[in-house]
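Shown next, in structure tokens, is the structure this report addresses.
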Amino acid sequence: MALGAHLGCHQRADRSFIFRNYQFPVCARCTGIIVSTIIAWITYWKVKLKTPIAVLLIIPMAIDGSVQYFKHIESDNKRRFITGLMGGYGTTTIRLNLYTWVFRYIKSRVIKNS
């Protein structure tokens, strides 16, 4: 549980998956984000999403989290997990696109100045 708290998750029991009386160390949304971050790192070189598409993947998570925060509608763990998957994949893809761009930019400057 300390790892989940270190990652910044609220770890509420009502928003976490429970397996055999064991509460996951992170909530359902954070579980989705972590799973999709790993998937994005593994699949990035085969499935490159353009940044605008990645931004679109983040929107459902932002809407769900905002609506829930302002107490208009309470999400269930399935929705939290799915929007976490989408948002995590989108944010990781944006980060990887940025890393790739910076790497290529630096590489082009080094070659140009050689």
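Here the structure is a predicted model, which means the values were calculated and not measured.
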Which pairs would a plain distance check flag for residues 46-54, meaning a side-chain donor or acceptor within less than 3.5 Å of a matching protein atom at least two apart in sequence or in another chain?
| residue | atom | partner | partner atom | Å |
| --- | --- | --- | --- | --- |
| T51 | OG1 | N97 | ND2 | 3.1 |

Each residue besides W41 in its hydrophobic cluster should be listed here, by chain and number; the cluster joins Ile, Leu, Val, Met, Phe, Trp and Tyr at side-chain heavy-atom distances under 4.5 Å.
Y44, W45, L96, Y99
Nearest heavy-atom pair of C27 and S16: which atoms, and what distance?
CA-OG, 3.5 Å
Kindly work out whether a path of hydrophobic side-chain contacts (I/L/V/M/F/W/Y, heavy atoms less than 4.5 Å apart) joins I33 to F81.
no
Sequence neighbours excluded, the answer for side chain to side chain contact (heavy atoms under 4.5 Å, CB included) partners of N21 is none
Counterpart residues, ring-ring contact (aromatic ring centres under 6.0 Å, His included), relative to Y105 (two or more places apart)
W101
salt_bridge(R80, E74) N-O dist < 4.0 Å:
yes
Donor-acceptor pairs under 3.5 angstrom involving side-chain atoms of residues 55-67: please list them, not counting sequence neighbours.
| residue | atom | partner | partner atom | Å |
| --- | --- | --- | --- | --- |
| D64 | OD1 | S75 | OG | 2.3 |
| D64 | OD2 | R29 | NH2 | 2.4 |
| D64 | OD2 | S75 | OG | 3.1 |
| S66 | OG | A62 | O | 2.8 |

Calculate, to the nearest 0.5 Å, the distance between atoms CE and CD1 belonging to M86 and I82 respectively.
9.0 Å
Does I39 form a side-chain contact (heavy atoms from CB on, under 4.5 Å) with Y89? I'd like the steps, not just the answer.
CA-CA 8 Å; I39 292 169; Y89 197 90; 4.0 Å; yes
So, for G84 and S36, which heavy atoms are closest and what is the spacing to 0.1 Å?
O-OG, 3.6 Å
Qualifying residues under side chain to side chain contact (heavy atoms under 4.5 Å, CB included), relative to I38, sequence neighbours excluded
I34, I42
If you measure from OG1 on T83 to NZ on K78, what distance do you get to the nearest 0.5 Å?
12.5 Å
Test side chain to side chain contact (heavy atoms under 4.5 Å, CB included), reference L85, set V35, T31, T37, output is V35
Mind jotting down which residue pairs meet the salt bridge (Lys or Arg N to Asp or Glu O under 4.0 Å) criterion with at least one end in residues 88-97? Sequence neighbours excluded, please.
none
With T91, which residues qualify under side chain to side chain donor-acceptor pair (under 3.5 Å), at least two apart?
none
Hydrophobic cluster of Y69, others only, ordered by chain and residue number, side-chain cut-off 4.5 Å:
F70
